[in-house]
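To start, the structure itself, in C-alpha cells.
Remember, it's 1-based here, ligands and their atoms both numbered in the order they're listed. For the numbers below, each heavy atom of this structure counts, side chains included, while hydrogens, waters and symmetry mates do not.
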Amino acid sequence: MLGVTACGGGSNNERGHLAATKFGDLTHPVERGSPIDAIRAQCGSGALTEAGDVVHRRPYLQEVTTTSATIGWVTVDPAGERAILTTPDGSPLGEVLAVVEEYPQRLANEKQVWARITGLQPDTVYCYALGNGVAPLSEPTGFRTAPSATSTLPVRFIAFGDSGNGSLEQHELQEQMFTVPYDLMVHLGDLAYRSGTIGQFEDYVFAVYAELFRNLPFFPASGNHEYETAQGGVFRDVFALPPGEGNERWYSYDWGRVHFAVLDTEQDYATQAAWLDRDLELSTAPWSIVYFHRPPYSSGSQHGSDLPLREVLAPVLEKHRVQLVLAGHDHHYERTVPVNGTVYVVSGGGGRGTRPVGQSDFTAFSEQVIHFVQVEVGVEELVLHAIDGTGVEFDSLVVPRT
Ligand SMILES: [Fe+2]
C-alpha cells in the first residue's frame with residue numbers, strides 16, 4: 001500500500017472556470033521556471049528564415065528516446081527536406097534527410113515530413129535546424145534526449161486533456177505552460193475539437209502549442225472526438241508514436257525511471273488490459289504511470305466513471321502497483337483517494353470549457369476549473385501539482401515510493 005499525502009483539498013464549490021479560489025496547504029509548492037529557456041539558450045529559438053515560409057506546420061518532437069528522436073513538420077512542395085544537426089557549441093553532427101508522406105493534408109501541395117534521428121546519447125541536448133536542398137528553412141533550436149533508466153534526475157512532465165477548439169481559455173492555459181519546468185508533454189485525449197479533422201489539428205493543436213512542441217516531446221492519447229474523423233486516422237497520421245502491437249492506438253515508453261503506458265479508450269478494453277498486463281510485467285522501472293481518455297473514476301456531471309473500463313483495468317493496475325492513473329473526458333479536475341494503491345486523477349480541463357463536478361466516496365478533491373497538472377517524479381516520491389488558467393497552484397499530491 002502506498003502512503004499518500006494530500007495537500008490542498010477542502011470542499012467542492014461552484015466558481016469561475018479559470019481562477020481557483022482555494023489555496024490549500026500546499027507544502028510542496030511547484031518550482032517555477034521556463035520549460036524551454038535552457039534548451040534555447042544552448043541552441044536558439046528556431047525562428048523560420050525567409051525561405052521558411054514553405055513551412056506550414058512548425059517542427060514538433062516525437063518518439064524521443066535515450067538514443068533517438070523524430071522531428072515532424074509540414075511543408076509545401078518539399079525538395080530535399082532535412083534536419084541539420086549540431087552540438088550546442090556549433091560542431092556539425094550531420095544532416096538527416098526527411099521522409100515525405102502524402103497525407104493527411106489540408107492543402108493539396110502540403111506534405112508531412114519526418115526526420116528520424118538515431119545514434120544519440122542519453123540526457124544530451126542536440127541542436128537542429130530545418131533545411132531543404134537549397135537553403136536553411138529555420139534557425140537552430142534544440143531538444144534533450146531522455147535520461148537513462150539508471151538516472152536519478154527527476155522526471156518532470158505536464159498532462160492535460162480536452163484542450164482544443166482555439167478558445168481564449170485554451171490560449172490562456174497554454175501561456176501558463178511556460179511558467180513551470182518539465183521535459184515532456186502528455187495529452188489525455190480530445191485534442192482537436194470537434195471532430196479530429198486535419199484542419200482542427202492544425203488550428204487547435206499544432207498552431208497553439210508550436211513554441212513548446214519545437215523543444216519538448218509530445219506523447220498523446222486519443223479521445224472520442226479524434227475518432228469522429230476516420231476512426232482516429234488523422235490522429236495516428238499526424239503523430240509518430242512508439243510502434244508496437246497497439247499500432248499507435250496504445251503504446252508504452254520509458255523516460256528515465258518512469259514507465260508510461262498509454263491506452264486508447266475508443267478501442268476494446270479487454271484487449272488492452274491484457275496487453276497492459278504483459279507490458280507492465282516486462283517493465284523494471286520503479287515508477288509506472290498509465291494514462292488514457294475515459295476515466296475509471298469520475299464525479300463529472302457529463303460522463304462520470306466508466307465502470308466497464310474500471311472493471312477490466314483496475315485488477316491489472318493493482319497487480320502491478322501502478323502509482324498514478326491520468327484521464328480526461330470529463331471537463332474538470334478530480335483526484336481520488338488511493339484505491340488499492342493507485343491514485344486516479346481526472347485532468348479534463350485543458351481548455352475546452354469546464355463542467356460541474358460533484359464528489360463521490362472515492363473523491364479526495366474535485367474542482368470545476370481550467371487547468372493542467374505538472375508531475376515531478378523523483379527517486380523517493382512523486383509530486384503532482386494542479387495549476388489553473390491564471391497560474392495558481394490549487395491542489396497537489398505526494399506519493400512516496402514504498
Ligand atoms: Fe471526451
(Q) Suppose we screen for side-chain hydrogen bond (donor to acceptor under 3.5 Å, both in side chains). Which residues come up paired with Thr75, at least two apart in sequence or across chains? (A)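 Partners of Thr75 under the side-chain hydrogen bond (donor to acceptor under 3.5 Å, both in side chains) test: Glu81.
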Q. What residues form a side-chain hydrogen bond (donor to acceptor under 3.5 Å, both in side chains) with Gln267, not counting sequence neighbours?
A.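 side-chain hydrogen bond (donor to acceptor under 3.5 Å, both in side chains) check on Gln267 returns Tyr227.
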Q. What protein N/O/S atoms sit under 2.8 Å from the Fe ion (ligand 1), by chain and number?
A.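 Within the sphere that stays under 2.8 Å of the Fe ion (ligand 1), the protein atoms of type N, O or S are Asp190 OD2, Asn224 OD1, His293 NE2, His329 ND1.
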(Q) Any donor-acceptor pair under 3.5 Å linking the side-chain atoms of Asp277 with those of His320? (A)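 On atom types as modelled, these side chains qualify, holding a pair under 3.5 Å.
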(Q) Listing request: all ring-ring contact (aromatic ring centres under 6.0 Å, His included) pairs with a residue in residues 62-87, at least two apart in sequence or in separate chains. (A)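 Passing the test, one end in residues 62-87: no pairs.
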Q: Name the orientation class of the two ring planes belonging to Phe213 and Phe218 (parallel below 30°, tilted from 30 to 60°, perpendicular beyond 60°).
A: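 Plane angle between 30° and 60°, so tilted.
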(Q) Whether Arg144 engages the ring of Tyr126 as a cation-pi pair (distance to the six-membered ring centre under 6.0 angstrom, angle to the ring normal within 45°) should be assessed. (A)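 Arg144 over Tyr126 ring: no.
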